[in-house]
There are 2 protein chains.
Amino acid sequence: MADNKVVLKKEQVELIEELANVNERLGQQPAMSKVLGLLAVSDNPELTFDEIKDTLELSKSAVSQALNQLLMSKKISYKTKIGDRKRYFHLRIADWDTHILEQFEGVSSLIRVYEKVIAIRTTETKEFNENLKKMADFLTLVHNQVMTLHQKIVQEKK
Amino acid sequence: MADNKVVLKKEQVELIEELANVNERLGQQPAMSKVLGLLAVSDNPELTFDEIKDTLELSKSAVSQALNQLLMSKKISYKTKIGDRKRYFHLRIADWDTHILEQFEGVSSLIRVYEKVIAIRTTETKEFNENLKKMADFLTLVHNQVMTLHQKIVQEKK
DNA sequence: TTTTTAGTTCACAAAAAAAAGAACTAAAAT
DNA sequence: ATTTTAGTTCTTTTTTTTGTGAACTAAAAA
């Protein structure tokens, strides 16, 4: 029944909330978003189940589900310490580039759908179709530039 | 009580649903997303209230709310025809670049929050902080490139 | 002047998403 | 052997989101 709440300054709490909000807008679920925020802001980047639960004031089951989904989507991982049964959860921050590219997957979907729309549209609406095409082309350009930048990162890592 | 349903081929219906799904993942509400899909795919890009309502099989109030929100967020506009009281709603497709930039606002928020996180983090966690910084720098680079590309579009339009 | 059209507004219902709680489990500690 | 720890799983409850329906409005038509 001990309280494992992590001590946080007010500004840290505020940032966790802000981070959670941004993550929610990017389509992540609330509890997962809060966990991501906490793990990014906490001075100690490795927190136990109970520290997360007590700091975020969530139920065990909410924390369990959030952690497991984050583990499955490879946003977090955990360490164990000898002589200690607890797991220490942390962001997989070194894989930040993969996470960002996953977010950009949304742009790819958008491009694919718009290409399909362009393909089946009537040719009657010339200006409309031209604008759709310009938009799809712009998105493709952005997508390619992001991929190029990412390749540079990958090279640097090696 | 007339049925104003727009005639659509099966592939058009499927694309409307796909577009609606992508838009929902980008944070738009379901009814709004469907309206955007219909207006992008329909051969006639200018549809009346009742055509939208009957084609999407939504209630008057759902359509009314969706259209008004889309008008307010400037995703759509409408025309009137003389001797006709109906409004003809259409995508503001010529403003596609503005709409895309609005979506990219999410990236800016993300950068701003991560910069704040970096600013208040303990200096104890060197590698963690360096990775955060690299991520924020990458996002900033992407953001700048998108802005540069957009400037070119704006120039071309003039 | 009354009726119809083209919507709007708002209280409520339905559905979906999120969180909680309680019972359970497997391994470790006592 | 039984108790505790560190969670998991499943059902239920709560909250939030989305959509509906009925009453309303303002302008135009009959």
Side-chain angles (χ1 to χ4, degrees), chain A residues 1-6 16-17 20-21 23-39 46-73 76-90, chain B residues 1-6 16-17 20-21 23-39 46-73 76-90:
Chain A
M1 278 285 140
D3 187 38
N4 296 299
K5 198 179 291 199
V6 172
I16 290 170
E17 284 161 5
N21 286 326
N23 277 311
E24 280 186 52
R25 270 199 285 144
L26 293 173
Q28 304 260 28
Q29 291 160 1
M32 278 169 58
S33 300
K34 281 175 199 143
V35 172
L36 290 176
L38 174 59
L39 291 177
E46 297 176 0
L47 301 179
T48 65
F49 189 100
D50 281 322
E51 285 174 328
I52 294 168
K53 168 180 164 293
D54 292 339
T55 309
L56 298 178
E57 295 176 40
L58 288 169
S59 65
K60 278 179 104 173
S61 80
V63 172
S64 177
Q65 308 232 45
L67 289 176
N68 283 316
Q69 288 184 78
L70 289 170
L71 284 168
M72 279 193 294
S73 59
I76 66 170
S77 182
Y78 63 84
K79 288 180 184 167
T80 49
K81 302 188 182 182
I82 43 170
D84 185 346
R85 293 168 66 186
K86 292 193 272 304
R87 290 186 282 173
Y88 291 82
F89 296 95
H90 58 85
Chain B
M1 279 284 140
D3 187 40
N4 295 63
K5 195 178 293 198
V6 172
I16 290 170
E17 284 160 5
N21 286 327
N23 277 311
E24 278 185 53
R25 269 199 286 145
L26 293 174
Q28 303 261 27
Q29 292 161 358
M32 277 169 59
S33 300
K34 281 176 199 143
V35 172
L36 290 176
L38 174 58
L39 291 177
E46 298 176 0
L47 301 179
T48 65
F49 189 99
D50 282 322
E51 284 174 329
I52 294 168
K53 169 180 164 292
D54 292 340
T55 308
L56 297 177
E57 294 176 41
L58 288 169
S59 65
K60 278 179 105 172
S61 80
V63 172
S64 177
Q65 308 231 44
L67 288 176
N68 282 317
Q69 287 185 80
L70 289 171
L71 284 168
M72 279 193 294
S73 58
I76 66 169
S77 181
Y78 62 83
K79 288 179 184 167
T80 49
K81 302 188 182 181
I82 41 170
D84 185 346
R85 293 168 67 187
K86 292 192 272 306
R87 291 186 283 173
Y88 291 81
F89 297 94
H90 59 84

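First the proteins, then the strands, lettered A, B, ... as listed; each starts at 1. Values reported hereafter were calculated over all heavy atoms of this structure, with side chains retained and with hydrogens, waters and symmetry mates removed.
- The distance from atom CD of B:E17 to atom CD of B:E24, rounded to the nearest 0.5 Å, is 11.0 Å.
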Where do N or O atoms of nucleotides 6-8 of chain D meet protein N or O atoms at under 3.5 Å, pair by pair?
unit_1	atom_1	unit_2	atom_2	d
D:dA6	OP1	A:K86	NZ	3.3
D:dG7	OP1	A:R87	NE	2.9
D:dG7	O3'	A:R87	NH2	3.0
D:dG7	N7	A:K60	NZ	2.2
D:dG7	O6	A:K60	NZ	3.3
D:dT8	OP1	A:R87	NH2	3.0
D:dT8	OP2	A:S64	OG	2.5
D:dT8	OP2	A:N68	ND2	3.3

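- Contact of the B:I76 side chain with the B:L36 side chain is registered, since non-hydrogen atoms from C-beta on lie closer than 4.5 Å.
- Contact annotation: the side chain of B:L38 approaches that of B:L56 to within less than 4.5 Å [non-hydrogen atoms, C-beta and beyond].
- For the pair A:L58 CG and D:dT15 P, the interatomic distance rounds to 14 Å; values are reported in whole Å.
- The nearest whole Å value for the distance from the CE atom in B:M32 to the P atom in D:dG19 is 11 Å.
- Remark: B:K5 pairs with B:D3, B:D54, B:T55, B:E57 by the side chain to side chain contact (heavy atoms under 4.5 Å, CB included) rule, at least two apart or across chains.
- Atom P of nucleotide C:dT8 and atom CG of B:L70 are separated by 12 Å, given to the nearest angstrom.
- Across the protein-nucleic acid pair, B:I82 atom CD1 and D:dA29 atom P stand 12 Å apart, rounded to whole Å.
- Two residues, A:Q29 and A:G83, neighbour DNA chain C, and the one matched to the more 5' nucleotide by heavy-atom proximity is A:Q29.
- The side-chain heavy atoms of A:M32 and A:N23, taken from C-beta on, include no pair separated by under 4.5 Å.
- Rounded to an integer number of Å, the gap from CD of A:E24 to P of D:dT15 is 16 Å.
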Show me the side-chain donor-acceptor pairs of residues 77-85 of chain A shorter than 3.5 Å, one per line, residues at least two apart or across chains.
unit_1	atom_1	unit_2	atom_2	d
A:K79	NZ	A:E46	OE2	2.6
A:D84	OD1	A:K86	N	2.9
A:D84	OD2	A:Y88	OH	2.5

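- Regarding B:N23, its CG atom lies at a distance of 13 Å from the P atom of D:dT18, rounded to whole Å.
- Straight-line distance from the CG atom of B:D54 to the C1' atom of C:dT5: 14 Å, rounded to whole Å.
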